[in-house]
Amino acid sequence: MDWLYTLSGFTVGAIVGLTGVGGGSLMTPLLVLLFGIHPATAVGTDLLYAAITKAGGTTVHARKGHVDWRITGLLASGSIPASLLTVWALSHLPKQSAAVTHIISVSLGVALLLTACAIIFRQHLQRYALKHADDSAHTRYQSEITVAIGILLGILVTISSVGAGALGVAALFFLYPKLPTIRIVGSDLAHAVPLTLIAGLGHWALGSVDWSLLGSLLIGSLPGIWIGSHASAKVPDRFLRRILAGMLVLIGGKLITL
């Protein structure tokens, strides 16, 4: 079974390298639906997997000056406390009970549907935000809304492991339309690392991390990301994103109806 986990890690890593999204959005439902891993264990393991794989990308972006640390700090000031409170709430539920399974499955399904919408409508959101970038309504409460987005991401990511990537980027595109794309991606990535790490460690404390599974996934995903990143220039991005969004809609619907 370990080699299948490694192959899955490679496949998801390659998709992430090709499209820039899809890590938690594909890995967690893959573990739940294909391998029958308990949703809580799948989420906890995927959170630490995300923290490790995204740390390298954050280092590269930070060295190149692609991270707006003010935005990252605003997001984290909302997401980190929200993540800790969510872990605390989960700790008061019976471990791997039917209630926990249902909460995580439905949250994961909803997160996947929202992620699909973020992928499909990202350019429309960005164009709308650019058109209204100088409106006082758009800029007056920018910092407060960024913190609020962080709170929502903290809850969603801790429960489902999904949302730190595509949803975070979509929100930042809307809030900061004049910021270069590379700085939005770098800032969101920098925020995702501490969020997924803290949420993952919280799940570890709850006994919801499979370290052997984590190792198998990493063995496959790291070369997968490298190969996908180098092949991305040769594959139409719009085509890939539409396929990925369609997959997320189907998987999200399946998880909601489990």
Side-chain angles (χ1 to χ4, degrees), residues 16 19-25 47 50-87 111 114-115 117-202 225 229 237 241:
V16 172
T19 66
V21 296
S25 305
L47 283 167
I52 293 169
T53 54
K54 291 182 178 183
T58 298
T59 302
V60 173
H61 279 289
R63 287 177 176 174
K64 293 183 177 181
H66 296 162
V67 177
D68 187 316
W69 293 107
R70 175 182 169 275
I71 292 175
T72 299
L74 288 171
L75 287 171
S77 67
S79 67
I80 301 304
S83 177
L84 292 172
L85 286 173
T86 304
V87 169
L114 290 174
T115 300
C117 291
I119 293 171
I120 295 170
F121 297 110
R122 191 178 80 175
Q123 291 182 342
H124 298 283
L125 284 172
Q126 191 175 11
R127 283 197 293 267
Y128 176 85
L130 275 171
K131 187 177 179 180
H132 299 277
D134 296 322
D135 294 356
S136 60
H138 193 92
T139 58
R140 185 179 302 170
Y141 301 108
Q142 201 172 49
S143 297
E144 291 82 354
I145 295 173
T146 304
V147 174
I149 292 296
I151 293 172
L152 293 175
L153 289 176
I155 296 170
L156 194 61
V157 169
T158 304
I159 295 177
S160 70
S161 80
V162 176
L167 289 179
V169 166
L172 293 182
F173 269 129
F174 185 78
L175 287 170
Y176 302 93
K178 292 185 177 181
L179 199 67
T181 298
I182 192 67
R183 285 180 65 81
I184 286 179
V185 172
S187 302
D188 180 71
L189 196 61
H191 164 249
V193 173
L195 172 56
T196 54
L197 178 61
I198 288 173
L201 291 175
I225 290 173
S229 298
D237 179 72
R241 286 177 178 269

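Side-chain contact check for Tyr176 and Thr146: at least one donor-acceptor pair (N or O, by modelled atom type) lies under 3.5 Å.
Judged as a salt bridge (Lys or Arg N to Asp or Glu O under 4.0 Å), the pairs with a partner in residues 68-77 (not counting sequence neighbours) are, in order, Asp68-Arg183. Applying the side chain to side chain donor-acceptor pair (under 3.5 Å) rule to pairs touching residues 150-175 yields Thr28-Ser161, Asp46-Ser161, Ser83-Thr158, sequence neighbours excluded. The side chain to side chain donor-acceptor pair (under 3.5 Å) pairs that include a residue from residues 188-202 are Ser79-His191, where partners are two or more places apart or lie in different chains. Listed by first then second residue, pairs satisfying ring pair (Phe, Tyr, Trp, His ring centres under 6.0 Å) with a partner in residues 63-86 read His61-His66, not counting sequence neighbours.
For the pair Leu156/Leu152, no side-chain contact is recorded, criterion being any heavy-atom separation below 4.5 Å from C-beta on. Contact of the Leu172 side chain with the Leu75 side chain is registered, since non-hydrogen atoms from C-beta on lie closer than 4.5 Å.
The shortest heavy-atom contact between Thr72 and Ser187 is OG1-O, 3.1 Å. When every heavy atom of Ala82 is checked against every heavy atom of Ile155, the shortest pair comes out as CB-CG1, 4.1 Å. Contact detail for Leu47 and Gly200: the closest heavy-atom pair is CB-CA, 3.7 Å. Closest approach of Val147 and Ser77 over heavy atoms only: CG2-OG, 3.6 Å.
Taken from NZ in Lys54 to CG in Leu195, the straight-line distance is 8.5 Å, to the nearest 0.5 Å. From Phe174, atom CZ reaches atom CD1 of Ile149 across 9.5 Å, with rounding to the nearest 0.5 Å.
Residues satisfying the side-chain contact (heavy atoms from CB on, under 4.5 Å) criterion with Leu84, sequence neighbours excluded, are Ile80, Ile198. For Thr86, there are no side-chain hydrogen bond (donor to acceptor under 3.5 Å, both in side chains) partners, not counting sequence neighbours.
Here the rule is side-chain contact (heavy atoms from CB on, under 4.5 Å) with Ile184, and of Leu189, Val169, Ile71 only Val169 fits it.
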